[in-house]
Participant: 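The structure is given below, and queries will be raised subsequently.
Every value quoted in this text rests on a predicted model; they were computed, and no experiment measured them. Chain letters run A, B, ... following the sequence lines, proteins first and then strands; every chain starts at 1. Below, each value reflects all heavy atoms present in this structure, side chains not excepted, and no hydrogens, waters or symmetry copies.
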There are 2 protein chains.
Amino acid sequence: MVAPHTPDPLLGLPGYALRRAANAMMSELAGLLAAIDLKISDASVLLLVQNRTDMTSSEIGKILDIQRANMVPLLARLETLGLIDRLPIDRKSQAIVLTQTGQTRLAQVQDITTRFEQDLMARIPAAHRPHFLPALHALTAKPAT
Amino acid sequence: MVAPHTPDPLLGLPGYALRRAANAMMSELAGLLAAIDLKISDASVLLLVQNRTDMTSSEIGKILDIQRANMVPLLARLETLGLIDRLPIDRKSQAIVLTQTGQTRLAQVQDITTRFEQDLMARIPAAHRPHFLPALHALTAKPAT
DNA sequence: TATTGTTATACTCTATAACTATA
DNA sequence: TATAGTTATAGAGTATAACAATA
């Protein structure tokens, strides 16, 4: 999915503009990560479990907003790729940890995402730039639900 | 999909924060629009074709970034709901226009979205607020691809 | 009793290829 | 030759229910 270059009368709506910006960002980042055979969700997991040996599948899912059931194929894929290992915590839970290969891949993820995030911010005019993350965080932290 | 209340170390990444904010916004808006039996894409089409009698399915798709093929079930649904009508432009193209029922439903969409967009902006601290839309537009308008 | 990991399944959204009829 | 509308289909991503084993 690529952003069109068609005039769009709905872009005045903040919610609509937010979705469009997120979609454009997601497809661009997905393209970059495809070069190292990872999806965005894969990369998120690698970034999340780095330097930790106590994160279970359920915890990862809660943080990344992925259902327990949907973590199964995701982690199975990372395991097949040799990027993660499972260490028993007790007889019920297991910690998801990076393998050596996983650490190497993580370094590539960090290269790509660091450069990408810098690129993203660079596209925002300097006057608006410092306000962007705080605004997003204000939207994500929803009021008393 | 609902936003979790779990600390999330990845929220420092602008791209990640952008996706999270967009997802939270989308699921909230989807919930509001469900009250009038519309999806976000349905509402987008109604908002887009208002006051126009010359928008074809293909054009709508280009603007909203929806494939021609995927417009078919979307418009079929709106037609079944009695919200749109198709007027022949020539023997190949047809204009998508609102029916009377469609105009009424559009008014409800505008009520919901106007209030929602105001709510969204109100959640952003005043100092950041005027910078939000310009920043999103800067991200959506991609550089020379 | 609640939670972890899992299976199975379904639904939505999106993407691609191909066809026809018309411009 | 290119475009509009369509069909069919496949792949993601996401959602729910249920189960066994364990806390």
Participant: Taking all non-hydrogen atoms of both residues, which atom of A/Val97 and which atom of A/Arg52 are closest, and how far apart?
Facilitator: CG1-O, 3.9 Å

Participant: Taking B/Thr99 for the side chain and B/Leu83 for the main chain, is one N or O donor matched with an acceptor at less than 3.5 Å?
Facilitator: yes

Participant: Over how many whole Å does the gap from A/Asp54 atom CG to C/dT4 atom P extend?
Facilitator: 13 Å

Participant: Take the protein atom CD of B/Gln67 and the nucleotide atom C1' of D/dA12, then report the distance between them rounded to whole Å.
Facilitator: 14 Å

Participant: Toward the 5' end of DNA chain C, which comes first, A/Lys92 or A/Arg86, by nearest nucleotide?
Facilitator: A/Lys92

Participant: Checking contacts here: which listed nucleotide (D/dT7, C/dT4, D/dA23) is nearest the side-chain heavy atoms of B/Val72?
Facilitator: D/dT7

Participant: For a 4.5 angstrom cut-off between non-hydrogen side-chain atoms, does A/Asp65 reach B/Asn23?
Facilitator: no

Participant: How many whole angstroms separate atom CG of B/Asn23 from atom C1' of C/dT12?
Facilitator: 14 Å

Participant: Using the side-chain heavy atoms of A/Ala69, tell me which of these nucleotides is nearest: C/dT6, D/dG5, D/dT7.
Facilitator: C/dT6

Participant: Figure out the CD/P separation between A/Gln94 and D/dA23, and round it to whole Å.
Facilitator: 12 Å

Participant: Side chains of A/Ile60 and A/Ile66: does their closest heavy-atom pair fall under 4.5 Å?
Facilitator: no

Participant: Nearest whole Å is fine: how far is C/dT4 P from A/Leu75 CG?
Facilitator: 14 Å

Participant: By nearest atom, which of the nucleotides D/dA4, C/dG5, C/dA23 is closest to the B/Ser93 side chain?
Facilitator: D/dA4

Participant: Taking for each residue the nucleotide of DNA chain D bearing the nearest heavy atom, is the 5' side occupied by A/Ile40 or by A/Arg68?
Facilitator: A/Ile40

Participant: Rounded to whole Å, how long is the line connecting atom CG of A/Leu74 with atom P of D/dG11?
Facilitator: 18 Å

Participant: Categorize B/Ser41 for me: base, sugar-phosphate, or nothing, with a 4.0 angstrom heavy-atom threshold over every strand shown.
Facilitator: nothing

Participant: Please state how far atom CE in A/Met71 lies from atom P in C/dT3, giving the value in whole angstrom units.
Facilitator: 18 Å

Participant: On DNA chain D, does the nearest nucleotide to A/Arg91 precede the nearest nucleotide to A/Lys39 from the 5' side, or the other way round? Give the residue.
Facilitator: A/Lys39

Participant: Between atom CG in A/Asn70 and atom C1' in D/dG11, what is the gap in whole Å?
Facilitator: 15 Å

Participant: Of A/Gln50, A/Arg115, A/Arg105, which is the lone residue that meets side chain to side chain donor-acceptor pair (under 3.5 Å) with A/Gln110?
Facilitator: A/Gln50

